[in-house]
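Presented below is the structure to which this report refers.
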There are 2 protein chains.
Amino acid sequence: MDAATGDENTSRYSAARYRTPDGAPADIVIFTIASSTRNSAKKSLPLRELQVMLVERKKWPYEGSWALPGGFCNENESIYECAMRELEEETGVGGIHLEYFNVYSEPGRDPRGWMISHAFFALVNETRLTNRRAADDASDVRLFPAAEALELPLAFDHRLILEDALERVREKMLTTTIARQFLPEEFTISELYQVIETVVPEFEEKNFIRKITSTQSRKGILEEARDGSGERKMSNRYSQRFAQLYRFTDFQPKLSIYS
Amino acid sequence: MDAATGDENTSRYSAARYRTPDGAPADIVIFTIASSTRNSAKKSLPLRELQVMLVERKKWPYEGSWALPGGFCNENESIYECAMRELEEETGVGGIHLEYFNVYSEPGRDPRGWMISHAFFALVNETRLTNRRAADDASDVRLFPAAEALELPLAFDHRLILEDALERVREKMLTTTIARQFLPEEFTISELYQVIETVVPEFEEKNFIRKITSTQSRKGILEEARDGSGERKMSNRYSQRFAQLYRFTDFQPKLSIYS
DNA sequence: ATAATAGTGTCTATTAGACACTATGCG
DNA sequence: CGCATAGTGTCTAATAGACACTATTAT
């Protein structure tokens, strides 16, 4: 029941009579995939690495530590709006895939008081981040390789939050089409494969092209990119031979263990 | 960043300087499947119905309305512990599958003030609820058919929470083995099918027995129940002919759209 | 020619999916 | 016998999965 207990003698609830939380922060785990071109003689696929955005704290507590971006919710906004606002304020990134995934409420998790934190994750194409970072040159905001971030002494319970976010993103990567968040509108099968592999290292599908293109049950999620005159669009960005470009459809497959 | 903005002049954060939430409630959506025997001449499968537990509010606000069970979090417990405690206090049910699924924070959702509510769902075998309800005869706690509950003028935004919970449970029913929460340890394929159907009305698998028993990719989740001497256990609870009993294994299949 | 990626041919065992059929046991 | 559930036979088309093979093209 959405009511406090123990106020038998009055008809009206008053928050003043109870110990209430000292704040409702949102923390945001921003993932991106950084690409770096291999210096090989021939054209080749870039090296890709999963990275996460951290900010350096300027104040007590955890002054000087790296932390997830985030901030406190105001009374006139929802937690989701709070997360969007803070993301925009701290990274300049807006209008992106932002997903709520967990609450963190262990007593003592924040030395400032009783703070129940709400965690979101976001997947951002690296171009949107690099542009922004170049713009305001914020030296206290940095991208870290995910593996490296997990080794840092992060502020609060942000290491736990990051671990949970990673687990969730890996699951989502395989069960939904969020891979599109890391990819351009049109992409090659190799790029898609690489993105999945970058987020989920144990992912392996031999004959991936076969499955993705010719399997009845899966092919609904992708379609061949075509130009105005209906010709199939190709790219030789990463290879000598031209490769078919694909795009995600709006179809979201429903998975079931009872198939 | 997990810190409030605008306190440049002090090194220490103080919650007293900010507007803070007036409470952090947890709301719990308790689902059960009620079985009722059909009065037919022969043995037959029971009728099953998805039900949800509601409590009648005794106080302002929404006095007299039906609401989800729940209550306020204390400073010395996590939201999860709060939900477990409230569930135990209000229904006597403990040690069950309880899962966090969303936060509700729209400004104005609670007339008592700024309340950010945390929603859990629980799946409970009906025997655990009927026993309990018989015990304390709480007339202000009732099970409603899910469809009926959605038509009631529920307190707060509990209708929205219930809708979201239903959606989540339906998804989970098809992608995880939570069906086990509604079933006895050992069950027949028909029972399993019926449970899935009850929660997800559009579920339909012809040849369900075939798939569940002989499909390589799916058969890992179930195993035949056997007695001490290795004989296969059968049941004629619902039919003249004996049916094989099954049990869930500990295997949780990993689903993927890229299969 | 070679590197690096893109894509095809071909084979076998397994699966999906349909639908009709048999099995059980009791009132 | 007929009811209600349990389960099998049999067929076809589709699929998975492996592996070797060919294709493309700038350097």
Side-chain angles (χ1 to χ4, degrees), chain A residues 35-48 186-197 203-222 224-225 232-246 253-259, chain B residues 35-48 186-197 203-222 224-225 232-246 253-259:
Chain A
S35 307
S36 52
T37 53
R38 272 188 281 168
N39 47 355
S40 89
K42 312 274 179 175
K43 284 184 191 176
S44 63
L45 285 162
L47 296 169
R48 293 178 199 260
E186 303 177 345
F187 50 86
T188 66
I189 297 297
S190 302
E191 277 182 288
L192 170 59
Y193 190 84
Q194 242 198 343
V195 162
I196 301 171
E197 229 185 352
F203 180 76
E204 188 190 330
E205 282 297 329
K206 299 174 180 174
N207 270 350
F208 187 60
I209 291 184
R210 270 281 160 81
K211 282 196 184 162
I212 219 61
T213 56
S214 67
T215 296
Q216 218 179 42
S217 51
R218 310 297 186 278
K219 77 176 154 208
I221 63 174
L222 293 186
E224 290 164 349
R232 302 196 307 170
K233 289 170 81 173
M234 314 289 279
S235 158
N236 67 342
R237 235 179 312 184
Y238 305 124
S239 62
Q240 268 57 48
R241 176 169 177 173
F242 278 82
Q244 176 65 50
L245 286 172
Y246 289 85
K254 307 259 174 290
L255 295 172
S256 165
I257 60 172
Y258 304 112
S259 162
Chain B
S35 308
S36 52
T37 53
R38 273 189 283 169
N39 47 355
S40 89
K42 312 276 177 173
K43 284 185 193 177
S44 63
L45 285 163
L47 296 170
R48 293 177 199 261
E186 302 178 347
F187 50 86
T188 66
I189 297 297
S190 303
E191 278 183 286
L192 170 59
Y193 190 84
Q194 242 199 344
V195 163
I196 301 172
E197 230 184 351
F203 181 75
E204 188 191 330
E205 281 297 329
K206 300 175 181 174
N207 269 351
F208 187 60
I209 291 184
R210 270 282 158 81
K211 281 198 186 161
I212 220 61
T213 55
S214 67
T215 297
Q216 218 180 42
S217 50
R218 311 296 186 276
K219 77 177 155 207
I221 64 173
L222 293 185
E224 291 163 347
R232 303 196 308 171
K233 289 170 82 171
M234 315 288 280
S235 159
N236 67 342
R237 236 178 311 182
Y238 306 122
S239 63
Q240 267 58 47
R241 178 168 177 175
F242 278 82
Q244 176 65 49
L245 287 171
Y246 289 85
K254 307 258 174 291
L255 295 173
S256 165
I257 60 172
Y258 305 111
S259 163

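Note on naming: letters A, B, ... go to the chains in the order of the sequence lines (proteins, then strands), and numbering restarts at 1 for each one. Quick caveat: nothing in here was measured; it's all calculated off a predicted structure.
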Return the value, rounded to whole Å, for the distance between atom [atom1] of [X] and atom [atom2] of [N].
X	N	atom1	atom2	result
Glu204(A)	dG17(D)	CD	C1'	12 Å
Tyr258(A)	dG17(C)	OH	C1'	20 Å
Asn236(B)	dA23(C)	CG	C1'	14 Å
Lys43(B)	dG27(C)	NZ	P	8 Å
Lys211(B)	dG7(D)	NZ	P	18 Å
Gln194(B)	dA4(D)	CD	C1'	13 Å
Ile212(A)	dG7(C)	CD1	P	13 Å
Arg232(A)	dG7(C)	CZ	C1'	11 Å

Taking the side chain of [X] as its heavy atoms from C-beta onward, which of [options] lies nearest to it?
X	options	result
Arg210(B)	dT10(D), dG7(C), dT5(D)	dT10(D)
Arg241(A)	dG7(C), dA16(D), dA4(C)	dG7(C)
Gln240(B)	dG7(C), dC19(C), dT24(C)	dT24(C)
Ser44(A)	dA18(C), dA16(D), dA4(C)	dA4(C)
Met234(B)	dA18(D), dA23(D), dG7(D)	dG7(D)

Position toward the 5' end of DNA chain D (nearest nucleotide), Thr188(B) or Lys206(A):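 Its nearest nucleotide lies further toward 5', so the answer is Thr188(B).
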
Starting at the 5' end of DNA chain D, which residue's closest nucleotide do you reach first, Glu205(A) or Asn207(B)? Asn207(B)

Checking the side chain of Glu186(A) only, and the main-chain atoms of Glu224(A) only, is there a donor and an acceptor separated by less than 3.5 Å?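 Side chain of Glu186(A) to backbone of Glu224(A), a donor-acceptor pair under 3.5 Å: no, none is there.
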
Find out whether Pro46(A) and Tyr238(A) are in side-chain contact, i.e. whether some heavy atom of one side chain is under 4.5 Å from a heavy atom of the other.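 When only atoms from C-beta onward are counted, Tyr238(A) and Pro46(A) do touch, with a gap below 4.5 Å.
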
Looking at Lys211(A) and Tyr258(B), what are the two nearest heavy atoms and their distance? CD-O, 4.3 Å

Quick check: closest heavy atoms across Arg237(A) and Leu245(A), and the distance to 0.1 Å? NH2-CD2, 3.8 Å

Any carboxylate oxygen within less than 4.0 angstrom of a Lys/Arg side-chain nitrogen, looking at Glu191(B) and Arg48(B)? yes

Just call it for Leu45(B): base, sugar-phosphate, or nothing, with non-hydrogen atoms closer than 4.0 Å on any strand.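 It contacts sugar-phosphate atoms only.
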
